[in-house]
Amino acid sequence: MLKRTIPLFLIILLSACSSFKVEEELNAPDDLEALRTIQSRLFPTTNRSALTTAAAEALTEMGFTIVQQEPGLGFVSATQQVNAFDAGEVLEITAVFLLAVLTHGNLPGGGGSGIDDHEIFAANVVILPEEGKDEIVRLTVQRSMYNTNNRITETEHVASDEVYADFFKRIQDKLRISAVALPVEGL
Amino acid sequence: MKFLFRSLLFLVIFSLGYFDAHAAEGRGVEYEELDKNTTMQAALATLQEFGFRIESVDTTQWTVKSVRYVEKYGKQLAMNLSLEQTAKGVLVQAEMLVNKEPLPQYHIAYHNFFVGLEQFVSQLRHSQIVSRLRSSQN
């Protein structure tokens with residue numbers, strides 16, 4: 001009896017560990033502190049409206065299209081679409097499909113998996129007051145790959161320092177003020 | 001066998017107690033002495049912190065729509081917020097959906113979200129107090 005129960009208990013425990021839990025998705029990831037630091041700058045101004053406008057202009061210069069701009073809130077939303085169609089990938093998938101048809105007589109995966117078609121970079125800027133004399137600007141950029149069926153095949157947070165550094169430099173140049181990088185435990 | 005049974009029983013009791021303790025908040029929390037604008041700023045910062053992509057902000061209806069993809073499990077999380085002015089302050093109500101299916105009202109994920117929101121609310125409250133002190137000194 002015990003021999004049967006223990007493996008069953010272990011299987012239940014292991015399946016519980018690997019299952020999707022929404023609450024765990026709302027826990028901060030381990031690398032969040034470092035990512036937050038490169039995504040944020042402190043600007044010595046209380047002019048949130050000017051910062052919001054400068055942020056929107058900087059994103060436009062970087063190739064983004066502004067979706068929404070709320071100067072009162074200090075919020076900007078923007079997207080950028082990039083063509084991701086790869087002829088090599090099309091040839092590769094076609095070869096796999098043909099091979100599957102020849103060997104098994106049917107298509108792998110029901111033939112609905114699709115080919116990478118385009119990627120969308122989505123940017124959010126949120127500006128918060130700090131100590132009543134500064135404003136903290138935070139930019140987050142997410143990349144989502146869409147296939148020819150317009151389904152997301154992969155998504156990630158852009159962690160490249162260069163993108164964020166470029167954005168903050170543009171704001172500094174526009175407002176002619178120097179931003180301060182926040183320490184890791186700064187927020 | 002007895003040990004195994006007791007361990008299982010302990011786990012069940014512990015889990016029930018844990019979820020019950022965190023279930024009180026549900027999907028709405030009221031923030032006293034705050035205006036909608038400040039609460040909305042805190043809400044946007046919280047969504048950004050949790051990795052949500054903010055899709056739209058409506059400052060007429062005071063609602064926010066945001067989404068997050070969990071690639072590992074192929075799931076889409078959506079978080080919709082609405083802000084309502086009350087006599088004491090602002091009531092923030094959240095609705096969370098996993099693959100377009102709403103989560104139960106007392107799911108612990110709501111508690112986690114409101115804990116995050118509380119941190120930004122505190123930060124903004126602090127900033128407001130410092131700002132008032134500065135202007136009164138000047």
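Letters go in sequence order (proteins before strands), and every chain restarts at 1.
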Would you kindly confirm whether A:Val141 and A:Met145 end up in one hydrophobic cluster when ILVMFWY residues are joined by side chain heavy atoms under 4.5 Å apart? no
For chain A, find its close neighbours in residues 127-135 of chain B: heavy-atom separation under 4.5 Å, sorted by number, or none. B:Ser127, B:Val130, B:Ser131, B:Arg134
A:Ile38 and A:Val163: same hydrophobic cluster, using ILVMFWY side-chain contacts below 4.5 Å? yes
How about residues 36-45 of chain B versus chain A: which residues have heavy atoms under 4.5 Å apart? B:Asn37, B:Met40, B:Gln41, B:Leu44, B:Ala45
Given a strict heavy-atom distance threshold of 4.5 Å, which part of B:Ile54 is in contact with chain A: side chain, backbone, both, or neither? both
Please look at B:Val98 and chain A and tell me whether the side chain, the backbone, both or neither of the residue comes under 4.5 angstrom of a heavy atom of that chain. side chain
Does one hydrophobic cluster hold both A:Phe121 and A:Tyr146, with members joined at side-chain heavy-atom distances below 4.5 Å? no
Which of these passes side chain to side chain contact (heavy atoms under 4.5 Å, CB included) with B:Gln48: A:Gln39, A:Arg36, A:Arg138? A:Arg138
Taking A:Gln142 for its side chain and B:Gly51 for its backbone only, find out whether a donor-acceptor pair lies under 3.5 Å. yes
Is B:Leu103 in contact with chain A via its backbone, its side chain, both, or neither, using a 4.5 Å heavy-atom distance? side chain
Here the pair of heavy atoms bringing A:Asn124 nearest to B:Phe52 is OD1-O, 4.0 Å
For B:Glu71 and A:Thr155, the nearest pair of non-hydrogen atoms, with its separation, is OE1-O, 2.6 Å
Any side-chain heavy-atom pair from B:Glu55 and A:Gln68 closer than 4.5 angstrom? no
Quick check on the hydrophobic clustering: are B:Met96 and B:Leu91 connected, directly or via other members, by side-chain heavy-atom contacts under 4.5 Å? no
Chain B heavy atoms under 4.5 Å from A:Leu35: which part of the residue, side chain, backbone, both or neither? neither
Distance (rounded to the nearest 0.5 Å) between A:Glu131 CD and B:His126 NE2: 3.5 Å
Chain B contact via A:Ile152 - side chain, backbone, both or neither, heavy atoms under 4.5 Å: side chain
Side chain / backbone / both / neither for A:Glu154 at chain B, heavy atoms under 4.5 Å: both
Same cluster or not: A:Ile177 versus A:Tyr164, using hydrophobic residues (I, L, V, M, F, W, Y) connected whenever any side-chain heavy atoms lie under 4.5 Å apart? yes
